[in-house]
Amino acid sequence: MNRPKYLILFLIGLLQFSILAQEIEFGIVSEEELEEEEHPVYSDADAAVLYKAQNISYGYDEPGGFYKEVSTYIRVKIYSSEGFHFGNDIIGLHDSKGFHDELINLEGVTHNLYGAEITSTKLELDNQFLENLNKQYKLQKLSFPEVREGSIIEYRFTKRTNNTGYIPRIDLQESIPVNKSVFVIAAPAQMAFSVHMTGLIPMQPSFTQYEVSSSTFARGSYSIRMRFADLNGNIRFNLMEITLDSLPAFVQESFVDHAENYRSSVLLELTYFKGNAKQSSSLSWADISEYFYDHPQFGERMRAPLYFRKYARQATKSDVADLDKVKRIYNLVKDRMEWNGIISCYSNSLTKAYDNKTGTSGDINLILCEMLKAVDIEAYPVILSTRNNGVILSPNIIGMNYVIVVAKVNGKNVLLDATYKEGKMDMLPERALNYRGRLVGEEGITEPIDLMPKRVSYEVKNAEITIDSLGMVSAKCNLQSTRYIEARKKQMISFLGATEYSKHLASQFGSDVNWYTNSSQNPKANAFKEEFELTLTNAYDQIGDNYYIDLMLLFGHKEIHFQENERKCPIDFTYPKTENTSLTFTIPEGFEIMQPPESMNYKLPQGEGGYSFDVVHIGDKITIKSSLSYKNSYYEPVAFPYFKEMYQTVLKAESQQLVLKKKNNP
Amino acid sequence: MKSFFSFFLSLVSLIGYSEKEYAYSISNIPAELMVDANTVVRSETVNISIKEIDEMEYSFHRAVSVLNARGLASLDLSWRYEPEEKIKKLSVKIYDASGNFVRKLSENEFQDRNAASGSTFHTDSRVIIARVRQNTYPFTVVISYNFETPNTAFIPYFMPVHSYNQSLETSNYTITWPESINGKSAEFNLEKASKQEIGNSVIYSLDNFASLNHERQCPLYTTQFPHARWALEDFNLEGQTVKAKTWDDLGKWMYSSLLKEGLELPDSTTSHIRSLVENMPDKRDRAKTVYEYMQNNTRYISIQLGIGGWKPMPAKEVNTLGYGDCKALVNYTQALLTAADVPSQYVVVYAGSEKQDLLESVPSIQGNHVILRIPDEEKPIWLECTSQTMPFGHLGTFTDDRLVLVIDENGGELLKTPASSEKENRKILKADYTLDEMGNLSLKGSIEAKGTYYQEYQRVERYSNREKRKFYESQFEVTLLELELKNNSYEAIDNLNCYKHSFELTSKNYAKAVGAKESLFIANPILDPVDLPENDHVRENDIYVQRSSSSLTEVTFTFSDGQSLGHIPESKTIDSEFGTYKLEVYTKDEKTLMLKRSLSIFNGTYSKTKYNAYRQFFKDIAEADGSKILLNQ
């Protein structure tokens, strides 16, 4: 699988004191800007960001020590009353033991044109509400005065924090068009960052270096000067700047793994700060592996094998094959442990979690890993980022939020996640299907682990359809599903309950469900089986002596995917799928087929799958078989036209009519 | 002897243990309470003690068995409080299916946070939220806490069953209030409950209530479930002592204490408004001008501050800020109307698409929203002030047809907001279908939506292209192949009372070749298909249709040269107590077929025994709508 390089990685060193390129002056707007009635490019925009600048810098202060400042300046134009809510904003401030964000220099103003006069109304204290959200966060809420159609609001503020290590995601793109977005980070050369960029619009960072007198930077601290300054008392700074022009509004497409992967944003991670033990200039995957292996709530937790040994050995005999051992231990942990819904790759105590039979994903899968090792299986934790957390392509600690287990059996990787009751060996929950994870071993041992499912999830539908002498059309249906389709169905049934689920089926076919059964009580079955009988409403039309039967009714109404003319994001199906349908139709006595539906098919290029629709007519039965499949879980946007055409073929085929006519009496 | 004694002791403790710990075993739930239940309330005890006009305490204990994921989703684990109120000894414990104690939620599993969320931008109310993370069912959650408040304006209800699909084993509710104050109540559906009155104290109990199964179009919750609400004639609301024996008293208090002083406007605004309405002798015109001025110059932000969120921000402030919550905007509009010499009234209402009345027998602080009324002998005007786009004089489903408190300087009275009739809730769909030789469709159409349809159709303008295509497709019976949407435009017409869509679309292969390849087959080109009510094999609830509505569809169908009409749908009329339907089909000329379809749905509560007939009505409509056209070519 080739994942395009939407994220790129490179390394820079940097620090403080850049000056925002002030092409636009705060508080000064032109009459033309205020008069503008619609966005020149995106005329249906309710509002647009005319200018957005974000600037990160570092400094040193006695006695507080190192601090980071994030300055933001935003100028927004409101075109219509639907855009009025852009007159409100919320600034989140961290405030907990240890970390403290301070909001400084907040100012804001609303500009309006009344007649020929520009009126500027300041954001006053009355328009600001400071709210204690919870123990960790405060919210500074702003609601700008006098927001009208045509208004321009602008505001700027600086967040100063002692949390120098963490940098929140910097979004350059918004849900409304952005005319110009500038991001600058400046830091002393002794700090190094890894930079990740997301989005579909190419970014060209520019780098410069400059020097600042150490007294300016450190305000009198001798030790800091000694640490950072050169012989002349100067500190060297690196500066990175990214500018994007004319950004369209960020819009979410269907079949996307995680929308934020495609928003134009910058993610920065501090990887090196002089004075820390680590002297490498960048983080490698080996460093990440080592970090986790040494982490007190990760690797450290895994070095108490004795506790689990007896449980593990009770569960498996030493003479069984390794794969069998893995299966038994996996089932033991999966059955015993109840996932508490918390996504984490860490554990506070494996033994406590094991005794309580409940824990986070970190607790449960690290227990699984320990127990496998206790019966001499080569097993490792694999750290990863969940789908909701975005894809990670370059070495990164904070992005890793989940852990699964890989067991190496007979040279093959077996992926395991014991939090997922519907799962099987080599079948991870959907949340974990996010490109690649990283194996964590001793002394920085690591390797990439492909998380994407290779095995196809099947859905097989068979229906026998009859028309009785009263003209009632009924269908006896038999469905089988495997893997992810099976899991999704089971989750839905368990949430809706059997009655509501059968109503849901009925609504898909526009019919009544007479009875419904499934095989959910049989966990040994290879596939999940469902059987039910439908009575179809308005399934055919009688015109003269002919019956017209709408195939769409029998296949179930389909949502038409990929109607758009173009596609920007890759297509993410989550897992490979094959869907086979077979409808056998008994022609009622006294009738014959006037015209069978036409067979058709469409093949995706490179044997990636496709769609086929075949009609077979034998005796008094006509069988319509259709099959839709794709072999991968993920496709590049260039594949879009093929999928579009495939789904058009599906519609063309399945919206045909089956026409029966009365036989002429001989 | 000693050993016998200790054996006896241990036996006692064993019995004691089993009674206490296994009380929550799921197997103890009577079978009839398990039917259709997602949750079973095992026990609820609420003790309310009002000691003084400004001192209320209550203890709350509730044990709920959660039988499935729907049950867990319906569990409310949030507790709201004001800065001057205290929640004490809050505890949430979990027991497993056999009634064994599993654990108690630890302190860090409760989040104490500001209550602003979603619709509220800012408030000083707080909320504590907990989450039970549990994937195996069934289990039991036991919640208990004590609450202390100086506010006696809001007394917790007696309402042990919270929702459909919830059963109840046993419940007790006790309320005691001071002798010096009169208490009054509104009681509903208490046939199965018992009530004891002892002096200034009332005890309700309800036992063995089997769950009601939720179905589509169920009657409103309030008409089905046992509940009682208490209020005091004298109460405290954030330091204000209120005496409200009648709704009139309450209105007088609200006017003089909360509203009166905030109605002042700057002179410049007053004179500006006067100049706007200068040449308008008609009150209605002046009111409309003021309403539109307000809409263009303000935006709605929910900021719940000031006497429990009941005192509006003064009009002067709204005038400078250009925003406010519903109270502030109603108050501001009132001030503007006064400047235009139009008297108006402040109206308190329970808002929501499900109609809810203020409870007449307990004059007290009720409602969750305010609107505005302009009195008029012929036709009073009602105004919603939180929308920039709502047409003048239109309330919509948010506040229609319910009892509300209307307040002015003379006091307060309960009145009903207008119900919308089937003629008012109307949409008119018109379309010209043109078919080419290949069976491709091009269509030019319009939709006019009024009344309750207004907002639903107004929303479409903001949809993305993909959502718009989906929306228009949903207006047809069939799936449209390669649907392309062009020239769609949106406007409010008819004095802003009607919202109009105009659109053009094309679709490939709309008409499909069938049979001997000489005929084309087309679904009946009826826009606006009906939804078939679900098949509830045995309907358990009466059928509740909240609002009447009607629609008219007019379609002109033009086909191309070389095509001629084969079969056309039959005209059809259906009359029933639920509504009426009429389809008329006629040929205008050789190339043109006309279809006219009108549908009316009548509101009402219909007996559950009529469910099959109700469903048949829609089935018959769907069948008539679905009949086809055959063209020869």
Side-chain angles (χ1 to χ4, degrees), chain A residues 46 81-82 84-85 87-88 110 121 126-127 129 131-135 139 141 143 145-149 251 254 338-342 356 358 421 494-497 503 506-507 510 512-513 537-538 541 543-544 546 548 550 552 557-560 563-564 594-595 648 651-652 655-657 659 661, chain B residues 36 38 68-70 73 102-103 111-114 116 121-124 131 133-136 295-297 299-301 303 317 320-323 388-389 462 464-466 469-470 473 478-483 509 512 514-517 521 523 532 534-536 566-567 619 622-623 626-628 630:
Chain A
D46 294 322
S81 58
E82 309 292 348
F84 278 0
H85 63 274
N88 309 334
T110 308
T121 315
D126 278 1
N127 317 125
F129 309 97
E131 208 169 272
N132 293 318
L133 177 67
N134 54 31
K135 281 178 188 159
L139 301 176
K141 296 188 169 179
S143 57
E146 298 221 30
V147 175
R148 321 257 189 259
E149 288 187 3
V251 184
S254 57
E338 198 58 55
W339 180 43
N340 62 14
I342 296 174
N356 290 338
T358 175
K421 298 278 183 206
S494 103
F495 190 78
L496 289 178
K503 283 182 183 174
S507 71
D512 288 352
V513 172
T537 322
N538 306 328
D541 265 83
I543 299 175
N546 299 343
Y548 295 82
D550 191 354
M552 187 66 90
H557 269 283
K558 285 214 163 65
E559 196 194 331
I560 321 169
Q563 281 255 53
E564 299 81 14
M594 187 166 147
Q595 189 203 8
Q648 298 285 10
L651 269 179
K652 223 176 259 177
S655 61
Q656 295 187 80
Q657 303 281 324
V659 187
K661 75 170 192 202
Chain B
D36 291 327
N38 295 332
N68 52 40
R70 277 151 287 150
V102 178
R103 63 192 214 93
Q111 206 196 16
D112 185 347
R113 54 169 291 170
N114 188 285
F121 187 67
H122 180 62
T123 174
D124 49 10
R131 193 174 151 197
R133 298 175 187 274
Q134 188 84 22
N135 289 328
T136 34
Q295 285 183 312
N296 291 333
N297 286 285
R299 72 184 192 275
Y300 169 70
I301 305 178
I303 298 168
E317 267 184 59
T320 21
L321 297 175
Y323 60 76
Q388 272 85 44
T389 49
R462 269 173 281 155
S464 71
N465 243 334
R466 187 174 54 158
R469 263 202 312 264
K470 249 187 179 169
E473 211 198 14
V478 291
T479 311
L480 295 177
L481 211 57
E482 292 186 40
L483 175 73
N509 283 317
K512 295 163 194 91
V514 287
K517 299 237 175 201
F521 182 84
L532 211 54
E534 287 179 341
N535 185 1
D536 300 319
H567 169 86
K619 270 188 167 178
E623 196 185 319
S627 51
K628 312 291 193 300
L630 206 60

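Atom set for the values below is all heavy atoms of this structure, side chains included, hydrogens, waters and symmetry mates excluded. Below, read A as the first sequence line, B as the second, and so on, with proteins coming before strands; counting in each chain starts at 1.
Residue A:L139: no heavy atom, backbone or side chain, is found under 4.5 Å from chain B. Within the 4.5 angstrom heavy-atom criterion, atoms from both the backbone and the side chain of A:Q648 approach chain B. Heavy atoms closer than 4.5 Å to chain A are found in the side chain of B:R469, but not in its backbone. Both the backbone and the side chain of A:K652 have a heavy atom closer than 4.5 Å to some heavy atom of chain B. In this structure, the portions of B:E623 lying under 4.5 Å from any heavy atom of chain A include both its backbone and its side chain. For a residue to count as touching a neighbouring chain, one of its non-hydrogen atoms must lie under 4.5 Å from one of that chain's; by this rule A:V251 does not touch chain B. In this structure, the portion of B:R462 lying under 4.5 Å from any heavy atom of chain A is its side chain and not its backbone. Proximity to chain B (any heavy atom under 4.5 Å) is shown, for A:E146, by both the backbone and the side chain. With a 4.5 angstrom heavy-atom cutoff, B:T320 touches chain A only via backbone atoms.
The nearest pair of heavy atoms linking A:N127 to B:L321 is ND2-CD2, 2.7 Å. The nearest pair of heavy atoms linking B:A69 to A:F495 is CB-CD1, 3.5 Å. In terms of heavy atoms, B:L483 sits closest to B:E473 at CD2-CB, 4.4 Å. Listed here is the closest heavy atom pair of A:G87 and A:V147: CA-CG2, 4.2 Å. In terms of heavy-atom proximity, A:F84 sits nearest to A:R148 at CE1-C, 3.5 Å.
Between the A:N356 side chain and the A:T358 main chain, no donor and acceptor come within less than 3.5 Å of each other. The backbone N or O of B:N114 sits nowhere less than 3.5 Å from a side-chain atom of A:N132 that would complete a donor-acceptor pair.
For the set B:R113, B:Q388, B:R70, the entry with the most heavy-atom pairs within less than 4.5 Å of chain A is B:R70. Taking A:S143, A:P145, A:G341, A:S494 one by one and counting their heavy-atom pairs under 4.5 Å with chain B, the maximum is reached by A:S143. Among A:L496, A:D126, A:T110, A:D46, the residue with the largest count of heavy-atom pairs under 4.5 Å with chain B is A:L496. Top candidate by heavy-atom pairs under 4.5 Å with chain B, chosen from A:N546, A:V513, A:I342, is A:I342. Your options are B:N297, B:N296, B:L630, and the one with the most heavy-atom pairs under 4.5 Å with chain A is B:N297.
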I would like to know whether A:N88 and B:R299 meet side chain to side chain donor-acceptor pair (under 3.5 Å); could you show each step before the answer?
-> CA-CA 10 Å; A:N88 309 334; B:R299 72 184 192 275; 2.8 Å; yes

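With sequence neighbours left out, the side-chain contact (heavy atoms from CB on, under 4.5 Å) criterion links B:D36 to B:N165, B:S211, B:N213, B:E540.
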